[in-house]
Amino acid sequence: EPEVTQTPSHQVTQMGQEVILRCVPISNHLYFYWYRQILGQKVEFLVSFYNNEISEKSEIFDDQFSVERPDGSNFTLKIRSTKLEDSAMYFCASNSGRTEAFFGQGTRLTVV
Amino acid sequence: DQQVKQNSPSLSVQEGRISILNCDYTNSMFDYFLWYKKYPAEGPTFLISISSIKDKNEDGRFTVFLNKSAKHLSLHIVPSQPGDSAVYFCAASEIDTDKLIFGTGTRLQVFP
């Protein structure tokens, strides 16, 4: 069964450093997303990406965040200068449009 | 701004009985609703969805009911099994958007 894969599963970084979280969406999907879940809180939408551009973003997704689809398979989330409050589980998701989104297993980001 | 609310943080049900998980929403622009199940350290797994043009959708042991006038939906699991023990998230999206707004989740525990 096709699945969304994310790497790494856990990333520890120092405050102020840049991190790149990687995702391989399901191959025939056209819409890609990043969500995050701070410990004990709900899953929150960050950004959606379609046709090589951002289609929607939340107020969380400020200038420190960027997304890219560098090739035909990968979808990345970059945080330029991490803050302590960026510590969370980051989930990548994909779908074919207005259908259920399939989520990856997540990357736990710990900023120290 | 809690557009999607799950007022019960936890629910405990005996194996074989019915589990009923509830979700309320405030945004009348929501037209697509989903239920996800989540185990610790994993991404959300899609369970079942319903469009606002329907009031019921069934898939095996899982049934989702939508009451648009009350802005309420519920997930019924019959019969409940110990493997159903997880956190269940209700999610919704507005017309013409793909982003999902999640509730805070309900932890279901099914005991023998």
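Please read all numbers here as calculations on a predicted model, not as lab measurements. Each chain gets a letter, A, B and so on, in the order its sequence line appears, and its residues count up from 1.
Within 6.0 Å of atom NZ in B:Lys54, 12 or fewer heavy atoms from other residues, nucleotides or ligands are found, so the atom counts as exposed in its surroundings. More than 12 heavy atoms of other residues, nucleotides or ligands lie within 6.0 Å of CD in A:Glu85, so this atom counts as buried by the packing criterion. Within a 6.0 Å sphere centred on CZ of A:Arg80, other residues, nucleotides and ligands contribute more than 12 heavy atoms.
A:Leu77 and A:Met89 are assigned to two separate hydrophobic clusters, defined by single-linkage of ILVMFWY side chains at heavy-atom distances under 4.5 Å. A continuous path of ILVMFWY side-chain contacts below 4.5 Å connects A:Trp34 to A:Ile79, so both sit in one hydrophobic cluster. Hydrophobic clustering places B:Val64 together with B:Phe62 (ILVMFWY residues linked when any side-chain heavy atoms are closer than 4.5 Å, directly or through intermediates). Grouping the Ile, Leu, Val, Met, Phe, Trp and Tyr side chains by contacts below 4.5 angstrom, directly or via other members, places A:Phe103 with A:Tyr50. A continuous path of ILVMFWY side-chain contacts below 4.5 Å connects B:Leu47 to B:Phe30, so both sit in one hydrophobic cluster.
For A:Gln37, the part sitting under 4.5 Å from any heavy atom of chain B is the side chain, from C-beta outward, and nothing else. Only the backbone of B:Ile95 comes within less than 4.5 Å of a heavy atom in chain A; its side chain stays farther off. For B:Thr45, no part sits under 4.5 Å from any heavy atom of chain A, backbone or side chain. Contact of B:Ser51 with chain A is not made at all, since no heavy-atom distance falls under 4.5 Å. Heavy-atom distances place no part of A:Ala93 under 4.5 Å from chain B, backbone and side chain included. Of the two parts of B:Ala41, only the backbone, made up of N, CA, C and O, holds a non-hydrogen atom closer than 4.5 Å to a non-hydrogen atom of chain A.
Contact of the B:Tyr36 side chain with the A:Glu100 side chain is registered, since non-hydrogen atoms from C-beta on lie closer than 4.5 Å. A 4.5 Å side-chain heavy-atom check between B:Leu100 and A:Tyr35 finds at least one atom pair inside the cut-off.
With chain A as partner, the option from B:Ile48, B:Ile101, B:Val87, B:Asp31 having the largest number of non-hydrogen pairs under 4.5 angstrom is B:Asp31. The candidate from A:Ala101, A:Ser48, A:Ser58 with the greatest count of non-hydrogen atom pairs under 4.5 Å with chain B is A:Ala101. Chosen from A:Asn95, A:Thr99, A:Val47, A:Val4, the residue pairing most often with chain B at heavy-atom distances under 4.5 Å is A:Thr99.
Of all non-hydrogen atoms in B:Lys38 and A:Phe91, the two that sit nearest each other are CE-CZ, 3.6 Å.
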